[in-house]
Undergrad: 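Below is the structure I would like to discuss, written out as structure tokens.
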Amino acid sequence: MGSRNVGRGGRSLGGGLVVAAAGCLAGVLTACGAGGGHGAAKPTASGAGAGASSAVAARGGTLGAPGSACRLPVTFALAKNWKPESTVPDSSGSSGSTSSTGSAAPDDDLAAEIADALLHQGPVTAVCEVDAKPAGHIGFLRVWTGEPGAADARSVLASFVGAEKGAAHATYRAFTTGGLSGTEVEYRVTSEILEETKTERALAVTTPDGPVVVHLGGLDDEEHRAMLPAYELAKSTLRVTAP
């Protein structure tokens, strides 16, 4: 579904996801895109390729450990003012409304199906997103996890990119950090509905609890470049969560 690229760039996958999905279904593309205008001045990031170095953002909190907003197989530092939120659906199932007979309404079922699809990409599921809006940017750093298995980081990442509609021109490279060896990718995504192309990037590592993908999108290339320091901070501080 073409509107997916819009939602991943500027719309939260967390709270209100079913409502957002229903909005996309109705064609309210502007509501599924940017949440507002550009905010504060953006830091400058150097380098354009996947292998290029970038400035590192000022450090805020840490994500992934027990007690943090999202319990993850890895931990990493968050950029200052970026706000994390779990995207794991509420186990109570309270998000869906019901008809007078107690069953979910057809529109709610369809919206929930779309929402569920947005939370899965290739072999991984979205479990956490970090909103850049409080820091003055339009985009998210998202964390996806998968089941333990034999797949290596490169294979997981290739499947992740391959499941992204409109993805092309992917450039992969290996990296190491904090005792972890992984793969990162920079690629271009074209939205058929918006008729525009933008850059996204992601990294993948494998852990005893399964693979982890950290993805950075953004509303457009300008926002993506402005948020690279937050991505670089996460990558450089990535560690396996202590048992």
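All of these numbers come straight from a predicted model, not from anything done at the bench.
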Undergrad: So, for W144 and A126, which heavy atoms are closest and what is the spacing to 0.1 Å?
TA: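 Of all heavy-atom pairs spanning W144 and A126, the closest is CE3-N, 3.2 Å.
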Undergrad: Are the side chains of L203 and L238 in contact, using a 4.5 Å heavy-atom criterion?
TA: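 The answer is yes; the side chains approach within 4.5 Å.
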Undergrad: When rounded to the nearest 0.5 angstrom, what distance separates NE2 in H215 from OH in Y231?
TA: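 The NE2 atom of H215 sits 9.5 Å away from the OH atom of Y231.
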Undergrad: Does a side-chain heavy-atom distance below 4.5 Å link E223 with K198?
TA: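 Sidechains of K198 and E223: no contact.
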Undergrad: Could you report the tightest heavy-atom contact between T177 and S236, atom names first, then the distance?
TA: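 Heavy atoms only, the tightest pair is OG1-O, 3.2 Å.
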Undergrad: Taking all non-hydrogen atoms of both residues into account, name the closest pair between A153 and G182 and its distance.
TA: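 Nearest heavy atoms, A153 then G182: CB-CA, 4.2 Å.
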Undergrad: Please find the pair of heavy atoms, one from A57 and one from L233, that lie closest to each other, and give the distance.
TA: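 Closest approach of A57 to L233, heavy atoms only: O-CD2, 3.8 Å.
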Undergrad: Taking all atoms of both residues into account, what is the closest heavy-atom pair of A167 and Y187, and its distance?
TA: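 A167 and Y187 have their closest heavy atoms at CB-CD1, 3.8 Å.
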Undergrad: Could you tell me the separation between the CG atom of L180 and the OG1 atom of T207, rounded to the nearest 0.5 Å?
TA: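 Rounded to the nearest 0.5 Å, the CG-OG1 separation comes to 8.5 Å.
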Undergrad: Does the side chain of Y172 come within less than 4.5 Å of V161's, by heavy atoms?
TA: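 Result yes, sub-4.5 Å side-chain heavy-atom pair found.
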Undergrad: Less than 4.5 Å apart, side chain to side chain, heavy atoms only: is that true for T237 and R59?
TA: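 The answer is yes; the side chains approach within 4.5 Å.
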Undergrad: For the CD atom of E129 and the OG1 atom of T87, what is their distance to the nearest 0.5 Å?
TA: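 So the CD of E129 and the OG1 of T87 are separated by 6.0 Å.
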Undergrad: To the closest 0.5 Å, what do you measure between CG (L216) and CZ (R142)?
TA: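 Spacing of CG (L216) from CZ (R142) equals 10.0 Å.
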Undergrad: Do K133 and D131 meet the salt-bridge criterion of a basic N to acidic O distance under 4.0 Å?
TA: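 Yes, this pair counts.
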Undergrad: Between the main-chain N or O of A163 and the side-chain N or O of Q121, is there a donor-acceptor pair closer than 3.5 Å?
TA: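 Here the side-chain-to-backbone pair does not exist.
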Undergrad: For E147, look at atom CD and say whether over 12 heavy atoms of other residues, nucleotides or ligands are found less than 6.0 Å away.
TA: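 Count not over threshold, so no.
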Undergrad: Pair up each side-chain donor or acceptor in residues 60-76 with any protein partner under 3.5 Å, not counting sequence neighbours, and list the distances.
TA:
residue: S68; atom: OG; partner: G64; partner atom: N; Å: 3.0
residue: S68; atom: OG; partner: A65; partner atom: N; Å: 3.3
residue: S68; atom: OG; partner: A65; partner atom: O; Å: 2.6
residue: S68; atom: OG; partner: C70; partner atom: O; Å: 2.9

Undergrad: Considering only heavy atoms from C-beta outward, does the side chain of R201 approach that of L228 to under 4.5 Å?
TA: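 Result yes, sub-4.5 Å side-chain heavy-atom pair found.
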Undergrad: Okay, side chain of H224, backbone of T199: is any donor-acceptor separation there less than 3.5 Å?
TA: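 A pair under 3.5 Å: yes.
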Undergrad: Can you find a heavy atom in the side chain of M227 that is under 4.5 Å from one in the side chain of L219?
TA: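 Answer no - side chains too far apart.
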Undergrad: Closest heavy-atom contact between F175 and A204?
TA: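 Closest approach of F175 to A204: CE2-O, 4.2 Å.
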Undergrad: When you look at R239 and V205, which way does the side-chain contact (heavy atoms from CB on, under 4.5 Å) test go after all the steps?
TA: CA-CA 10 Å; R239 305 290 186 272; V205 295; over 6 Å; no
Undergrad: Is the closest side-chain heavy-atom distance between T145 and V124 below 4.5 Å?
TA: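 No, their side chains stay 4.5 Å or more apart.
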